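The structure appears below as structure tokens.
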There are 2 protein chains.
Amino acid sequence: MDDIRGSLRCPIARTLDVLGDRWTLLIVRDAIAGSTRFTEFRESLGMPRDVLADRLDTLVAGGVLERRTVSREGQRARDEYFVTDVGRELMVVLGALGDWGARNRPWDEPPLVTFTDAAGTPVAPRFVSGSREVPLDEVLVAAG
Amino acid sequence: MDDIRGSLRCPIARTLDVLGDRWTLLIVRDAIAGSTRFTEFRESLGMPRDVLADRLDTLVAGGVLERRTVSREGQRARDEYFVTDVGRELMVVLGALGDWGARNRPWDEPPLVTFTDAAGTPVAPRFVSGSREVPLDEVLVAAG
DNA sequence: ACGCTAGGTCTGTTTTACAAACTCAGCTAG
DNA sequence: CTAGCTGAGTTTGTAAAACAGACCTAGCGT
């Protein structure tokens, strides 16, 4: 993911510099769902090893994941990848993508991750102002 | 944007089949901000013409944009692209991306689009349950 | 010392992105 | 009527990425 692009000043474009490819958000999804090891990501996603290695580097450099060397008993030390607080904030992005997909690209198999509140009720991102939800048709779009 | 990929069953993955590349969400951003013509997108984004033509086709096929032939007075008829209701729901995704970028990738220039409520107060997507906001640290992630 | 495994890197091939040139249809000016 | 301009692409050639598969390496168990 490089950098120079039209309308780069926009925060959306700057976010897509880090996340805007086929795989990166799926890696973040898996990491938020609990995957930490190279092989876990690889097996879940079925993506090429070199591309995965590259994306993990990008996500670590971007502060979304943190690489830590972990020693578990009975196993040799190995690097694992953990979601940072910054990365965890992408739950909102993933929730929005998943909600859009579930509503507009229906599919009969269950999702890989679901987001719920403490009571187990599914939650999805919506625009809020203060702490009140603002329906989509009341959201105004202003060009900068 | 092709189709076969690991964990394809997940709605997030299915959404990224349509939107998961460098440009597509920026095209949607511009469309939501009011752009309709090929050249408007091209000038705003500075992307190659053939890629833009391909992405517009994909977005039309995916129901995000609608292609209409528009005749304006004093100009010849030409195709223009309009956001559908399905596309408008992507405002939540764009809002989440923009909010994440603004908070974690600060930049001194203004955004290209901003979302506000009727009073002009900025709004950003947050998880809600019923109509109450659920703080991020109370959102539970369950693997499917 | 030997092989196994996790986590990569390297090589060669296919896709995709990209920039620049070309096309084509519908005005618009001469 | 013809000539040129403009918007919206398409074509062509080249550079960068993605991809599949083979290869490599460190540490561990036996």
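Within every chain, numbering begins at 1; the chains are lettered A, B, ... in the order of the sequence lines, protein sequences first and strands thereafter. Treat the numbers as computed from the prediction; the structure is a model and nothing was measured.
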- By nearest-nucleotide position on DNA chain D, the 5'-leaning member of B:Arg37 and B:Asp50 is B:Arg37

- Separation of C:dA6 P from A:Leu56 CG (nearest whole Å): 16 Å

- Item | Separation of atom CG in A:Asp79 from atom C1' in C:dT9, rounded to whole Å | 15 Å

- Query: Start at the 5' end of DNA chain D and walk down; is the nucleotide closest to A:Val51 or to B:Glu40 reached first?
  - Reply: B:Glu40

- Item | Between C:dC18 (P) and B:Arg22 (CZ): distance, integer Å | 6 Å

- Please state whether the phosphate of C:dG7, meaning OP1 or OP2, lies under 4.0 angstrom from any side-chain nitrogen or oxygen of A:Tyr81. no

- Task: Check whether any side-chain N or O of B:Glu40 sits under 3.5 Å from a backbone N or O of B:Arg37 as a donor-acceptor pair, and report yes or no.
- Result: yes

- Message: Taking the basic N atoms (NZ, or NE/NH1/NH2) and the acidic carboxylate oxygens, is any pair closer than 4.0 Å for A:Arg68 and A:Glu66?
- Response: yes

- Task: Examine distances only and state if a side-chain atom of B:Thr84 and a backbone atom of B:Gly87 form a donor-acceptor pair shorter than 3.5 Å.
- Result: yes

- Message: I want to verify a distance call: between C:dA19, D:dA18, C:dT16, whose nearest atom is closest to the A:Arg55 side chain?
- Response: D:dA18

- Starting at the 5' end of DNA chain C, which residue's closest nucleotide do you reach first, B:Met47 or A:Glu80? A:Glu80

- Message: Counting only side-chain nitrogens and oxygens, does A:Arg78 get under 4.0 Å of the OP1 or OP2 atom of C:dA6?
- Response: no

- Message: Measure CG/B:Asp54 against C1'/C:dC18 and give the value in whole Å, please.
- Response: 13 Å

- Message: Any salt bridge linking B:Asp17 with A:Arg22? Criterion: basic side-chain nitrogen under 4.0 Å from a carboxylate oxygen.
- Response: no

- Message: With a 4.0 Å cutoff (strictly under), does any side-chain N or O of A:Trp23 reach OP1 or OP2 of D:dC19?
- Response: yes

- Task: Round to the nearest Å and state the distance from B:Leu52 atom CG to D:dG7 atom C1'.
- Result: 12 Å

- Separation of B:Asp57 atom CG from C:dT16 atom C1', in whole Å? 16 Å

- Do A:Thr121 side-chain atoms and A:Asp117 backbone N/O form a donor-acceptor pair below 3.5 Å? no

- Item | Under-4.0 Å side-chain N/O to phosphate OP1/OP2 contact, B:Thr39 with D:dG7 | no

- Can you check the A:Arg68 CZ to C:dG7 P distance for me, whole Å? 15 Å

- Item | Value in whole Å for how far the C1' atom of D:dA16 lies from CG of B:Asp21 | 15 Å

- Within the modelled atom types, does a donor on one side and an acceptor on the other bring the side chain of B:Arg49 and the base of D:dG9 under 3.5 Å apart? yes

